[in-house]
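In each ligand, atom 1 is the first atom listed, and ligand 1 is the first ligand listed.
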Amino acid sequence: MPLSEFDIIKNCFASRTIQRDDVKIGIGDDAAVMSVPHGSELVVAIDTLVDGVHFPVGTSAELIAWKSLAVNLSDLAAMGAEPAWFTLSLTMPSADTHWLEDFTTGLFKLADQYQLQLVGGDTTRGPLAITIQIAGYLPVDSAMTRCGAQPGDAIFITGTVGDAAAGLQFLQSGDIKADHSGLIGRLNRPIPRIETGLALREWATACIDVSDGLYADLGHILIGSGVGARLELEKLPLSNAFRQAVERDEQQWQLALSGGDDYELCFCIASEYVDAFTTQFANSTCPVTRIGEIEQMPGMRLFNKDKLVDLASLQSGYQHFR
Ligand code: ADP
Ligand code: MG
């Protein structure tokens, strides 16, 4: 017997989510009610993933669910916020029990890891699309934004860049070897940098999560802050798997700068705090790499070992991923 909308809400969602003390009314009423800690501000983000647009048709439900939540968590990480609750709008062509089981497995694997409670949503029939709205909080006036970078600030990035873009390229070309699984994993199962975002709140003058490629997203910081930047291409943190899979320098830079789906944090640190920051983060489980400097002159200038690199020479790769 097909599942009714009410069965789905009860069996797949209401009974599966954790219960937080700060949720007064969760799934089941007309709206959810939560209490925000005294002295905190509410932080909200939303993202939609559409079948065939944000993930290839045929992607497993578990991975779709994971990614839908992970991209939202990444937005809160970039603000330095502590995630707490989320709502889910699920539109799907039919109520397939196995698909829903896989979907909830992926969803709650990630949600439970961050003590996130699903507090409501909407369930409708139609072409597959998933919208998640996430909410969390941070101390009053402590949000990291795109607008605070100053000339002289050092530019940092967490983790490695380009892996997901390389994974996508291999998936699309059908050239999948066993040693590409790590890269494809980065594409399908991004790990949001929540703990790092919380720690950066004390340090960063500006922060953004890299979803559309480092070039575009650092560009948002530059525009928002009314500054420019110098980027050192040879310092871009690249994984061993990426270096092995993508050999030429130019190709590496293209993917690392303009491929999307990294979900790393790009942030700026005032020059006088760089040494203290680097010492503090030396033993962090999340590596951070200094990749450039904020400058007064607008625009982004790319250098390879102190030699200016012509952006046009990287354009073909850039277009390829637009
Ligand atoms: P209404 O018609 O008042 O909007 P619904 O029948 O859509 O109510 O939803 C009933 C309850 O189930 C609400 O609390 C709603 O937030 C919750 N809900 C519906 N769909 C989902 C979902 N996909 N995930 C979590 N909660 C959901
Ligand atoms: Mg509704």
Side-chain angles (χ1 to χ4, degrees), residues 1-37 40-77 81-137 188-192 194 211 263:
M1 204 173 65
L3 290 174
S4 74
E5 182 190 328
F6 298 106
D7 293 333
I8 294 171
I9 296 167
K10 183 160 151 273
N11 301 339
C12 302
F13 300 121
S15 62
R16 298 285 291 271
T17 189
I18 61 146
Q19 306 291 324
R20 290 174 59 101
D21 292 341
D22 52 14
V23 176
K24 295 185 165 173
I25 301 174
I27 294 172
D29 218 305
D30 290 311
V33 179
M34 292 82 77
S35 52
V36 180
S40 296
E41 290 172 334
L42 193 63
V43 186
V44 179
I46 188 167
D47 260 316
T48 296
L49 274 74
V50 175
D51 197 19
V53 177
H54 299 96
F55 49 86
V57 173
T59 300
S60 82
E62 185 178 343
L63 292 176
I64 293 171
W66 176 285
K67 192 161 181 175
S68 302
L69 187 54
V71 301
N72 275 286
L73 279 163
S74 181
D75 282 325
L76 285 211
E82 171 144 3
W85 320 284
F86 69 110
T87 56
L88 164 70
S89 173
L90 180 59
T91 306
M92 53 192 171
S94 65
D96 180 324
T97 315
H98 292 297
W99 191 93
L100 276 164
E101 182 57 38
D102 287 349
F103 185 85
T104 49
T105 299
L107 188 71
F108 292 115
K109 215 183 260 178
L110 186 56
D112 293 355
Q113 200 174 316
Y114 290 100
Q115 298 294 299
L116 271 180
Q117 183 170 343
L118 176 61
V119 294
D122 200 20
T123 306
T124 51
R125 189 189 295 273
L128 183 61
I130 298 94
T131 299
I132 286 181
Q133 182 176 53
I134 196 164
Y137 51 86
N188 285 332
R189 205 183 275 279
I191 310 286
I194 289 293
S211 52
Y263 299 104

Go through ligand 1 atom by atom and flag the ones less than 4.0 Å from a non-hydrogen atom of Phe13. 22 (C), 23 (N), 24 (N)

Kindly confirm or rule out an N or O of Ile9 lying under 3.5 angstrom from an N or O of ligand 1. no

When you measure from the side chain of Asn72 to the backbone N and O of Leu69, does any donor-acceptor pair fall under 3.5 Å? no

If the cut-off is 4.0 Å to any non-hydrogen atom of Asp30, which atoms of ligand 1 fall inside it? 3 (O)

Taking 4.0 angstrom as the limit and counting only heavy atoms of Glu5, give me the atoms of ligand 1 inside it, by number and element. 6 (O), 7 (O)

Taking every non-hydrogen atom, the tightest pair across Leu73 and Ile194: O-CD1, 3.3 Å

Please report whether ligand 1 has a polar contact with Gly121, defined as an N or O pair separated by less than 3.5 Å (distance criterion only). yes

Could you list the atoms of ligand 1 found under 4.0 angstrom from a heavy atom of Gly28? 11 (C), 13 (C), 14 (O)

Give a yes or no answer on whether the side chain of Ser15 reaches the backbone of Lys10 with a donor-acceptor pair at less than 3.5 Å. yes

Can you name the atoms of ligand 1, numbered from 1 with element, that are less than 4.0 Å from a heavy atom of Asp29? 13 (C), 14 (O)

Looking at Ala45, is its backbone amide N or carbonyl O close enough to the side chain of Asp75 to form a donor-acceptor pair, meaning the two atoms are under 3.5 Å apart? no

Less than 3.5 Å apart, which donor and acceptor atoms pair up between the side chains of residues 101-111 and the rest of the protein, not counting sequence neighbours?
from	atom 1	to	atom 2	distance (Å)
Thr104	OG1	Arg16	NH1	3.4
Thr104	OG1	Leu100	O	3.0
Thr104	OG1	Glu101	O	2.9
Thr105	OG1	Glu101	O	2.8
Lys109	NZ	Glu62	OE2	2.6

For a quick test of reading the model, state the closest non-hydrogen atom pair linking Glu5 to Thr123 and the distance between them. CD-O, 3.8 Å

I'd like to check which ligand 1 atoms, numbered from 1 as shown, lie under 4.0 Å from a non-hydrogen atom of Leu118. 24 (N), 25 (C)

